[in-house]
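Structure record follows, encoded as structure tokens.
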Amino acid sequence: MTTRILPVVGDSDTARSLITLLSQLPDTEPLRPVPDSTTLLDTLAALANESVTGLPEVVVIHEGVGPLPALELIHEVALRFPAVGVVLVSAAPSPDLYAAAMDAGARGLAGLPASFDELAGRVAAAAQWAAGMRRHLGAGESVPQGPGGRVVAVCGAKGGVGGTLLATQLALAAQRSGQFERGVVLVDLDLLCGDVGSYFDVQFRRSVADLAGIADITPQVLAEAVFTHETGLSMLIAPAEGERGEDVTDATARQLLTAVRSRYDVVIVDCGSQMNGANATAVEMADVALLVTTPDVIAVRAVNRMVRMWDRLRIRKAQDTWTVINRHSRASHIQPQLVARITGTQVAGNVIPAGFKELRESMDAGRVQDLDPRGQVRRAMWSLAAELGLAAAPAAPSGRRRGRRS
């Protein structure tokens with residue numbers, strides 16, 4: 001089998017010497033070199049759109065390539081095109097550079113000027129990796145299509161109404177239920193200022209933005225982007241740099257949600273409160289769409305605006321939307337029946353009481369999984385999960401609790 005090698009070298013002299021050496025390797029076919037990172041990514045994307053089998057088995061990246069630094073470029077290639085093996089070549093190879101290259105996703109590091117044996121060994125190892133990945137991925141098959149798991153979109157009628165906390169608790173309740181063989185994933189599509197990672201104190205190098213522009217979100221690519229929490233809950237978090245959220249288009253969101261619902265039984269999507277193409281797509285694709293509001297005039301008006309906009313854009317009809325009332329109390333002037341009448345939506349039977357003191361310690365610690373199971377807020381949210389068919393109803397608390405009113 002012939003190994004196709006694509007060199008990525010900006011310097012013409014280095015390119016000529018590298019091509020000469022690559023041409024001497026047995027059973028290899030050096031391709032025309034590309035001069036920079038942008039050309040490489042565009043070239044690989046175009047080839048992948050036709051067929052993964054059209055991709056070169058090995059990409060050899062020179063350390064001086066630009067405009068994207070070599071290690072960042074390796075990371076991008078490894079994430080977006082896992083069926084390609086990457087070799088980094090450097091004039092000053094070192095143990096630290098080797099470790100950094102491996103962390104980025106390279107399959108080898110060779111020095112310059114490279115010896116025949118060294119380069120042959122690195123290319124062979126990368127080609128073997130590529131062949132194994134292509135067998136694992138079924139020669140480039142996409143994630144299976146089909147209805148798959150159930151998607152629940154959670155949107156805030158406006159900022160600060162508690163949508164993210166509700167999304168986390170619905171996901172935890174579904175995961176804890178143990179009834180979903182393929183598991184539960186929590187997707188943060190609040191792309192500019194998503195807080196799912198903060199609520200769980202998760203710091204992870206990958207995010208939903210890393211899936212933008214990928215032609216095929218294969219199982220391997222998806223697995224690279226998912227963080228598995230100590231609770232067993234899977235997460236796709238929002239990018240730490242909010243501006244990267246602009247890379248996630250409606251097409252990306254559609255492809256992403258198709259992929260995750262094919263992999264998981266339950267997909268909880270935190271859509272935030274600011275509509276864009278990506279989270280509008282999530283609302284459209286969702287089996288259940290929840291709008292979270294507080295029982296006050298401003299928030300209920302925001303619900304009304306949101307459902308009217310969804311209807312105008314033909315995303316979802318009001319009668320197909322659930323409204324969840326958060327921070328409710330008997331003293332609230334706006335009661336569930338009024339919300340239903342004003343908005344034309346279904347109002348969830350489980351309203352969530354106000355309970356800041358109950359939440360504060362766990363939220364400040366970034367451990368929302370530790371909310372007291374006897375607490376009124378957590379019980380109400382998990383009861384809502386049961387109402388949605390995501391979990392069994394929580395057991396009644398044993399004994400009386402004191403000093404927990406808020």
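Quick note: residue numbers are just sequence positions, from 1.
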With no hydrogens and no angle check, is any side-chain donor or acceptor of Arg360 less than 3.5 Å from a backbone partner on Gly355? no
Spacing of Asp190 atom CG and Ser273 atom OG [to the nearest 0.5 Å]: 6.5 Å
Side-chain heavy-atom pair Ile298, Val300 within 4.5 angstrom cut-off: no
Nearest heavy-atom pair of Val9 and Ala15: which atoms, and what distance? CG1-N, 3.7 Å
For atom CD of Glu241, decide whether the heavy atoms of other residues, nucleotides or ligands shown that lie under 6.0 angstrom number more than 12. yes
Between Gln335 and His328, do the side chains contain an N or O donor and an N or O acceptor separated by less than 3.5 Å? yes
Between Ala174 and Val266 the two heavy atoms that sit nearest each other are CB-CG1, 4.4 Å
For Arg327, is the CZ atom crowded, meaning more than 12 foreign heavy atoms sit under 6.0 Å from it? yes
Are any non-hydrogen side-chain atoms of Val60 and Ile5 less than 4.5 angstrom apart? yes
Can you tell me how far CE of Met306 sits from OG1 of Thr321, rounded to the nearest 0.5 angstrom? 10.5 Å
For Thr43 and Leu47, run side chain to side chain contact (heavy atoms under 4.5 Å, CB included): C-alpha distance rounded to whole Å, both residues' side-chain angles, the deciding distance at 0.1 Å, then the answer. CA-CA 6 Å; Thr43 299; Leu47 293 171; 4.1 Å; yes
Student check: side-chain heavy atoms of Val377 and Asp372 closer than 4.5 Å: no
For atom CZ of Phe180, is the number of surrounding heavy atoms from other residues, nucleotides or ligands below 6.0 Å larger than 12? yes
Backbone N or O of Pro353 within a donor-acceptor pair of the Gln376 side chain at under 3.5 Å? no
Donor-acceptor pair, Ser23 side chain versus Ile19 backbone, under 3.5 Å? yes
Under 4.5 Å between any side-chain heavy atoms of Leu166 and Leu384, yes or no? yes
Between Glu230 and Arg367, does a salt bridge (charged side-chain N to carboxylate O under 4.0 Å, His left out) hold up when you go through it step by step? CA-CA 11 Å; Glu230 64 187 50; Arg367 293 190 60 84; 2.9 Å; yes
Check whether the side chains of Thr252 and Thr249 place a donor and an acceptor atom closer than 3.5 Å, and report yes or no. yes
Surrounding CD of Gln319 (heavy atoms of other residues, nucleotides or ligands, distance under 6.0 Å), is the total greater than 12? yes
Which heavy atom in Trp129 sits nearest to a heavy atom in Val84, and how many Å separate them? NE1-O, 4.1 Å
Do Arg378's NZ or CZ and the ring of Trp382 fall within the cation-pi criteria of under 6.0 Å and 45°? yes
Any side-chain heavy atom of Val59 within less than 4.5 Å of one from Ile74? no
Test item: Leu290 and Leu388 side chains (from C-beta on) under 4.5 Å apart, heavy atoms: yes
Donor-acceptor contact present, side-chain Ser115 to main-chain Glu118, <3.5 Å: yes
Give me the atom names and distance for the closest heavy-atom approach of Leu192 to Gly242. CD2-O, 3.3 Å
Using side chain to side chain contact (heavy atoms under 4.5 Å, CB included), reason through Ser90 and Leu109 one step at a time and then give a plain yes or no. CA-CA 8 Å; Ser90 167; Leu109 170 66; 4.2 Å; yes
Using modelled atom types and a 3.5 Å cut-off, is there a donor and acceptor pairing between side-chain atoms of Arg4 and backbone atoms of Leu55? yes
Cation over ring, Arg316 on Trp310, under 6.0 Å and within 45°? no
For the CE atom of Met309 and the CZ atom of Arg312, what is their distance to the nearest 0.5 Å? 7.5 Å
Going through the distances and angles, do Val89 and Ile61 end up as a side chain to side chain contact (heavy atoms under 4.5 Å, CB included)? CA-CA 6 Å; Val89 290; Ile61 297 176; over 6 Å; no
I would like to know whether Asp287 and Arg261 meet salt bridge (charged side-chain N to carboxylate O under 4.0 Å, His left out); could you show each step before the answer? CA-CA 11 Å; Asp287 299 286; Arg261 80 186 310 174; 2.9 Å; yes
Looking at Asp320 and Lys317, is there a salt bridge between them, counting it only when a charged N and a carboxylate O are closer than 4.0 Å? no
So which heavy atom on Ile214 is nearest to which on Ile217, and how close? CG2-N, 4.2 Å
Mind running salt bridge (charged side-chain N to carboxylate O under 4.0 Å, His left out) on Asp210 and Arg244 for me, showing each step along the way? CA-CA 9 Å; Asp210 289 308; Arg244 292 192 64 207; 3.1 Å; yes
Can you list the steps and then say if Arg254 with Glu284 is a salt bridge (charged side-chain N to carboxylate O under 4.0 Å, His left out)? CA-CA 10 Å; Arg254 190 173 299 279; Glu284 180 186 10; 3.1 Å; yes
Side-chain (Thr343) to main-chain (Thr345) donor-acceptor, under 3.5 angstrom: yes
Keeping the roles fixed (side chain from Ser37, backbone from Leu68), state whether a donor-acceptor pair exists under 3.5 Å. yes
Apply side chain to side chain contact (heavy atoms under 4.5 Å, CB included) to residues Gln169 and Gln369 and explain how you reach the verdict. CA-CA 8 Å; Gln169 295 305 304; Gln369 70 271 23; over 6 Å; no
Can you find a pair of side-chain heavy atoms, one from Val161 and one from Lys158, that are under 4.5 Å apart? yes
To the nearest 0.5 Å, what is the distance between CD1 (Ile325) and CG (Leu338)? 9.0 Å
Donor-acceptor pair, distance only, cut-off 3.5 Å: does the side chain of Ser332 make one with the backbone of Ile334? no
Tell me whether the count of non-hydrogen atoms from other residues, nucleotides or ligands lying under 6.0 Å of CD in Gln203 goes above 12. no
Separation of Tyr264 OH from Leu186 CG (nearest 0.5 Å): 11.0 Å
Short side-chain to backbone donor-acceptor contact, Asn279 and Cys271, under 3.5 Å: yes
What are the two closest non-hydrogen atoms of Leu25 and Ala120, and how far apart are they? CD2-CB, 3.7 Å
Criterion side chain to side chain contact (heavy atoms under 4.5 Å, CB included) against Leu22, the qualifying member of Pro33, Ser17, Pro30: Pro30
Is a side-chain N or O of Thr28 found less than 3.5 angstrom from the main chain of Gln24, in a donor-acceptor match? no
When you compare the side chains of Asp36 and Thr39, does any donor N or O come within less than 3.5 Å of an acceptor on the partner? yes
For the residue pair Asp270 and Cys155, establish whether any side-chain heavy-atom pair is separated by less than 4.5 Å. no
For Gln179, does the CD atom sit with more than 12 other heavy atoms under 6.0 Å from it, leaving out its own atoms? yes
From CG (Leu165) to CG (Leu371), nearest 0.5 Å: 6.5 Å
